[in-house]
Amino acid sequence: AQILAGNGERGFSGDGGQASSAKLNCPLAVFGAELGGFYIAASGNFRIRKVSSSGVITTIAGNGQINEGADGSVANQTGIGRPISVAQDKLFSVFFATNSGKVRWVNPRGKLEVYSAANDGYIHHHFGKPVHVVFGEKERPIIVDRDKSEISIFNGINQKSQLLLGPSSQNEAKGLLALGATPMERPTRLAYDALLKRYFILTASGRAYMWDHVNEKSNMRLIELEN
């Protein structure tokens with residue numbers, strides 16, 4: 001196996017140098033960048049770091065402080081809390097979930113914004129514990145909320161959320177199978193298969209599910225995968 005980032009020492013160092021020589025602290029998630037390289041949610045560093053296709057590491061969000069900065073701040077000069085997940089869309093915006101129950105994003109100009117927050121209900125949604133951000137077939141951010149057992153998708157145009165799966169949804173009336181109607185609770189990770197248009201879901205209980213999602217208005221079925 002090849003070491004892509006981290007020199008085995010816990011800490012923070014290396015910006016502007018080779019990622020394999022840098023110190024990292026508690027990297028919890030990675031995500032492939034659009035033009036090569038990848039992003040790291042370095043929770044213990046309170047930073048989002050990027051490794052370029054040539055192996056150079058930089059910080060794109062976070063200044064090492066746990067206190068979270070204001071909207072509009074320069075992302076790599078302000079605090080972001082503890083990031084626990086990271087993803088990038090086709091327009092080069094970088095989204096990440098934090099341990100404080102927020103989903104934040106860095107716009108292409110390098111400014112920090114709150115995409116949704118648990119406490120103030122920003123953009124009409126209250127999170128319990130968002131633990132994962134991913135992009136699916138519609139190229140809109142999909143948020144996995146572990147504590148509410150919900151999966152929601154966000155519309156970047158009107159900044160409103162749509163609950164795709166979850167116990168508080170009305171999916172049963174539409175012939176859809178909601179999380180609350182199955183043994184699946186507390187989802188923690190979501191992966192998308194673009195070829196088959198299927199999602200794979202991991203839960204805190206150790207189960208894995210396949211979500212056959214034809215389109216947003218058709219029936220969905222959840223299939224528990226065999227151990």
Side-chain angles (χ1 to χ4, degrees), residues 1-117 129-136 139-144 146 156 188-192 194 202:
Q2 179 184 1
I3 296 175
L4 299 178
N7 64 3
E9 295 183 47
R10 181 177 295 182
F12 172 78
S13 71
D15 270 3
Q18 287 295 303
S20 58
S21 299
K23 293 181 181 179
L24 296 173
N25 191 352
C26 196
L28 292 185
V30 296
F31 190 88
E34 281 295 311
L35 298 179
F38 56 95
Y39 294 94
I40 304 171
S43 182
N45 293 137
F46 312 111
R47 290 175 169 93
I48 300 293
R49 307 187 75 181
K50 181 181 179 180
V51 179
S52 71
S53 57
S54 60
V56 175
I57 191 168
T58 54
T59 295
I60 67 157
N63 63 0
Q65 302 297 315
I66 194 169
N67 295 331
E68 298 185 28
D71 289 358
S73 302
V74 177
N76 62 4
Q77 296 177 15
T78 191
I80 60 170
R82 290 183 180 273
I84 55 178
S85 177
V86 62
Q88 183 189 39
D89 68 9
K90 298 292 185 181
L91 300 176
F92 307 106
S93 294
V94 177
F95 293 75
F96 57 94
T98 70
N99 196 48
S100 64
K102 295 180 180 178
V103 175
R104 309 200 76 176
W105 65 297
V106 180
N107 65 34
R109 300 181 302 277
K111 297 297 182 65
L112 186 68
E113 305 286 349
V114 174
Y115 205 74
S116 183
K129 188 72 167 183
V131 294
H132 197 206
V133 184
V134 71
F135 289 86
E139 286 302 327
R140 287 180 285 164
I142 298 174
I143 314 300
V144 178
R146 184 192 65 196
T188 58
R189 285 292 183 268
L190 183 74
Y192 179 59
L202 295 178

If you take all heavy atoms of A22 and G14, which pair is closest and at what distance? CB-CA, 4.0 Å

Using atom types as modelled and distance alone, determine if a side-chain donor or acceptor of N45 lies under 3.5 Å from a backbone N or O of G11. yes

CD1 on I60 to CG on N76, rounded to 0.5 Å: 8.5 Å

Counting C-beta onward and ignoring hydrogens, is there a side-chain heavy-atom pair between Q88 and V94 closer than 4.5 Å? yes

I want to check something: taking the side chain as every heavy atom from C-beta on, are V51 and I40 in contact at a cut-off of under 4.5 Å? yes

If only side-chain N and O atoms count, and only distance matters, is there a donor-acceptor pair under 3.5 Å linking S93 with N107? no

Could you tell me if the side chain of R49 sits less than 4.5 Å from the side chain of F12, heavy atoms only? yes

Using the side chain to side chain contact (heavy atoms under 4.5 Å, CB included) criterion, which residues pair with S73? Sequence neighbours excluded. A70, T78

Could you tell me which residues satisfy side chain to side chain contact (heavy atoms under 4.5 Å, CB included) with R189, sequence neighbours excluded, listed by chain and number? V131, H132, L202

Start with the C-alpha distance between N63 and Q77, add both sets of side-chain angles, then the distance that settles side chain to side chain contact (heavy atoms under 4.5 Å, CB included), and finish with yes or no. CA-CA 5 Å; N63 63 0; Q77 296 177 15; 5.7 Å; no

Holding to salt bridge (charged side-chain N to carboxylate O under 4.0 Å, His left out), I want the full list of residues that pass it with R47, two or more places apart in sequence or in another chain. none

Between CG on residue L28 and OG on residue S43, distance to nearest 0.5 Å: 4.5 Å

May I ask you to decide if S21's main-chain N or O and N7's side chain share a donor-acceptor pair within less than 3.5 Å? yes

Contact check, side chains of V103 and I143, non-hydrogen atoms, under 4.5 Å: yes

Here the pair of heavy atoms bringing F46 nearest to Q65 is CB-O, 3.8 Å

Kindly give the heavy-atom pair with the smallest separation between F92 and E34, and that separation in Å. CE2-CB, 3.6 Å

Student check: side-chain heavy atoms of Y192 and I142 closer than 4.5 Å: no

If we count only N and O atoms by modelled type, under 3.5 Å, do the side chains of S100 and E68 hold a donor and an acceptor together? yes

Just distance, no hydrogens or angles: give the donor-acceptor pairs under 3.5 Å from side chains in residues 79-86, sequence neighbours left out.
residue: S85; atom: OG; partner: V133; partner atom: N; Å: 3.1

So how far is it from F95 CZ to W105 CH2, rounded to the nearest 0.5 Å? 6.0 Å

Decide yes or no for V56 and Q18: does some side-chain heavy atom of the first lie under 4.5 Å from some side-chain heavy atom of the second? yes

Which residues pass the side chain to side chain donor-acceptor pair (under 3.5 Å) test with S52, sequence neighbours left out? S54

With sequence neighbours excluded, tell me which residues meet salt bridge (charged side-chain N to carboxylate O under 4.0 Å, His left out) with K23. E9

What I want to find out is whether D71 reaches R104 closely enough, with some N-O distance under 4.0 Å, to be called a salt bridge. yes

